[in-house]
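Notes follow once the structure below has been shown.
Chain letters run A, B, ... following the sequence lines, proteins first and then strands; every chain starts at 1. Below, each value reflects all heavy atoms present in this structure, side chains not excepted, and no hydrogens, waters or symmetry copies.
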Amino acid sequence: MLLAEVAATSDAVAATRSRLAKRAAIADLLRRTATGTAPGHDRADDLEIVVAYLAGSLRQRRTGLGYAALRDLPPPADEPGLTVREVDAAFAAMAAFEGPGSAQARSTATGELFGSATEREQALLRGLVSGELRQGALDSVMVDAVAEAAEVPADAVRRAVMMRGATGPVASAVLLADDPIAALASFTLEVGRPVRPMLAQSAPDIAAAFEKLAPDGDAGLCVDVKLDGIRIQVHRDGDDVLVVTRSLDDITARVPEIVEVVRALPTRRLVLDGEALAVDEDGVPRPFQETAARSATRESGRGRGAPAEAELAEQLRLTPFFFDVLHADGRDLVDDPLRDRLAVLDEVAAPHTVRRLVTADADAAAEFFAGALREGQEGVVVKTLDAPYAAGRRGAGWVKVKPRQTLDLVVLAVERGSGRREGWLSNIHLGARNPQGGFTMLGKTFKGMTDETLAWQTRRFRELEVEDDGWVVTVRPEQVVEIAFDGLQRSTRYPGGLALRFARVLRYRDDKSAAEADTIDTVRLLAGF
DNA sequence: TTCCGACAGTGGGGTCGCAAT
DNA sequence: ATTGCGACCCCACTATCGGAA
C-alpha cells in the first residue's frame, strides 16, 4: 500500500463534513488494503499501519518527534513512491535512536523521510507526527469504518477493540478472516492484557446526575467517592502484576507499592479498576501535583541522587483504591451488572476499595457528596447498578460530579485561534488585581466560548489592543470575565506562584469594572497557600 | 420532525526524562 | 547546571452529524 493512497483518502475524509461519507472513504481504503497484492502477513501489517494513520496516529507510541521536529523540512518530492511499510519502518528506526547524537540522527532521518514524500504526503506525515491531523475522524470513526468494510456490526468491533485495547490488530483480524464474526468473538478479556477503561460523563450537581441516570427516581444508584489521583487498571496472575494507566501505559515498575498491595490480596487472578494517589498518615489526599510527580518518576532510588529519591519515594507512596472488578479467579465480570461486580469487588479487594453509598435518594447522595468534599476528595461518581462495564465509550453509565469555584478576573491578553478558530481571537490570559495596582496572571483559557462569544471577544479585544506580536494581542486590562475552575495549584510559571486548574469562561461581565475584579489576596485565601 | 448521544476539535497546567547547550 | 522538547498525567467545553424518539 502506497502512502499516497492513504494521503488521498485522508484528503477525501477531510473534504466532507458527513461522517457517513468519511466512514465510507475509509472503509473503501481498508477493503483495498485487505485485498491488495501483498502476501498475507504483509497485508496484515499494511492494514495495521493504514488503520493507525487514518485514525490520526503513528504505530509507534513515542518517536521522539514532535512539533519542533517539523520546523525545517526539505522540499517535497515530485513523485510519490513511499509505501506505508517503509514509512512505518522509518518511524520505528527514529524511535529507536537514543544517547548522544540521537537528536542529530533523528533529524537526518526525518529529513530523508520527508524529502521522499510529496506535498500531500508531507501534510499527512506532519499531521501524524504532531498529532493534529484534523480530518474529522479519529479512532471512533475508524471502528465504524472497519465494521462497514468487514460487513459486521459496529458494536461487535467496538467490543473487540475494548478487549484488545487497540484497533489495529482487531481491524486486521476481522478484515482478513474467512469468518469475521468468529474473528471478533476471539477477542475476549485476558488477564494481563489491558482493556480500554470505562469513562464518565459529567454533571453540574447531584440532582442533575440523578436525573441523567434515573429519570424516574426509583432506581437505586451507586455513589462512589471520586479521588483526585491517576486511573489505574491492575492485572494479577499469581505473582505477576501489571499496572497500567488510563491510556494503557505500563507503569508497573514505577509503583512497587501498588504491586505489593495487589500481591497480598487473597484472589490469584484479578483485573481491577481504580485510582491511585498519595495520602498523608490520616488518609487525607495530598495535592494532585504530588501524586503526578510520584507516578511520573521512573524506577526510584537508582543512579544520581539515589538517597534523596528513595526517601521521596518512601514518603510519597501511592495508595490504590479500587472501584470495579472485571475478572476474578476465572470469572469474567465485564458483562455483569455493576451491583454484581460490586459484590465481588468487596470480596476480593477489601479493604482497598473506594467508599461508596448505594441509594435512590438524591438528598442522601448530596449529603454523601458534601462529606466527600469535607474529607478533601475531588467529588463523586454516580453509577447505574444495572449497567455492564462498557469500556471505551463514554456512555451514560457513569456520571461525575465535582464542585465548581468562580472568580471575576480581568483579561490581560488574547491569543489567535487555530483550526476552526482561525481568524478569531481565542485563548485569553487571566489576571487578578494586585496591591501594586496592576494584575497578576493566573493562567489562560479557551473553554466555554460559543462561536458568538468568539466573534464578540474578537471585536472587543481589538478595541482594547495595545500591542500585537503576531500571536498574542496585549490589551488594556479593562474587560472582566467570570471564570469557573476546579481549584488552585502551585505554579512556577506564573508570577503569583499559583495557577487555576481547568479554567473556563462562564460569561463576560459588563456590569463590573476592572477595579471591581477579584484580588490576588482573595485568590490566595481560596488556595490556602 | 425534533431531540439528544457520541465524536472531534481546541486548547489548559503540571510532571518527568533526555539530549543539547 | 540550564534549557527545550517530547510524552504523559489530569482535563472542560462547544459544534456537529445522524440515529433515536
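Sorted by residue number, the members of residues 479-497 of chain A with any non-hydrogen atom under 4.0 Å from DNA chain B read Q489(A), R490(A), S491(A), R493(A), Y494(A). Non-hydrogen atoms lying under 4.0 Å from DNA chain B are contributed by R134(A), Q135(A), G136(A), A137(A), all within residues 128-137 of chain A.
Annotation: salt bridge (charged side-chain N to carboxylate O under 4.0 Å, His left out) contacts of R460(A) (sequence neighbours excluded): E463(A). Here R159(A) pairs with D335(A) under the salt bridge (charged side-chain N to carboxylate O under 4.0 Å, His left out) rule; sequence neighbours left out. Taking K383(A) as the reference, D224(A) meet the side-chain hydrogen bond (donor to acceptor under 3.5 Å, both in side chains) condition, with sequence neighbours excluded. In this structure, the salt bridge (charged side-chain N to carboxylate O under 4.0 Å, His left out) partners of R231(A), at least two apart in sequence or on a different chain, are D273(A). In terms of the salt bridge (charged side-chain N to carboxylate O under 4.0 Å, His left out) criterion, residue partners of R504(A) (sequence neighbours excluded) are, by chain and number, D486(A). Residues satisfying the side-chain hydrogen bond (donor to acceptor under 3.5 Å, both in side chains) criterion with T406(A), sequence neighbours excluded, are absent altogether. Under the side-chain hydrogen bond (donor to acceptor under 3.5 Å, both in side chains) criterion, T450(A) pairs with T453(A), sequence neighbours left out. Considering only residues two or more places apart in sequence or on other chains, Q60(A) meets the side-chain hydrogen bond (donor to acceptor under 3.5 Å, both in side chains) condition with D88(A).
Phosphate contact (OP1/OP2 of dG13(B), side-chain N/O of T445(A), threshold under 4.0 Å): absent. Side-chain N/O atoms of Q289(A) include none lying less than 4.0 angstrom from OP1 or OP2 on dC10(C).
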Legend entry - Nucleotide-resolved protein contact map, nucleotides 14-21 of chain C, B/S/- at heavy-atom distance under 4.0 Å: SSBBSS--
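For Y67(A), the listed nucleotide lying nearest its side chain is dG6(C); candidates were dG6(C), dC10(C), dT10(B). Of the candidate nucleotides dC16(B), dC10(C), dG6(C), dC16(B) has the atom nearest to the side chain of A296(A). Of the listed nucleotides (dA20(B), dA7(C), dC8(C)), dC8(C) has the atom at the smallest distance from the side chain of R61(A). Side-chain atoms of P100(A) lie closest to dA20(B) of the nucleotides dA20(B), dT10(B), dT15(B). Among the nucleotides dG12(B), dA12(C), dT15(B), the one closest to any side-chain atom of E415(A) is dG12(B). Among the nucleotides dG6(C), dC11(C), dG17(B), the one closest to the side chain of R298(A) is dG17(B). Of the candidate nucleotides dG17(B), dG6(C), dC9(C), dC9(C) has the atom nearest to the side chain of S247(A).
As judged by a 4.0 angstrom heavy-atom cut-off over every strand, K402(A) is placed among residues touching the sugar-phosphate backbone only. Within 4.0 Å of S102(A), counting heavy atoms only, lie sugar-phosphate atoms of the nucleic acid but no base atom. A499(A) comes within 4.0 angstrom of sugar-phosphate atoms only, judged by non-hydrogen atoms across all strands, and of no base. Using a 4.0 Å heavy-atom criterion, one finds that S202(A) contacts no nucleic acid atom at all.
The residues D228(A) and R286(A) are annotated as not salt-bridged, no charged nitrogen and carboxylate oxygen being separated by less than 4.0 angstrom. The pair R355(A)-E375(A) meets the salt-bridge criterion, with a side-chain N (NZ, NE, NH1 or NH2) lying under 4.0 Å from an Asp/Glu carboxylate O.
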Solution key, residues 89-99 of chain A side-chain donor-acceptor pairs under 3.5 Å, sequence neighbours excluded:
none

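Judged by Watson-Crick or G-U wobble contacts below 3.5 Å, the nucleotide dC7(B) has no partner.
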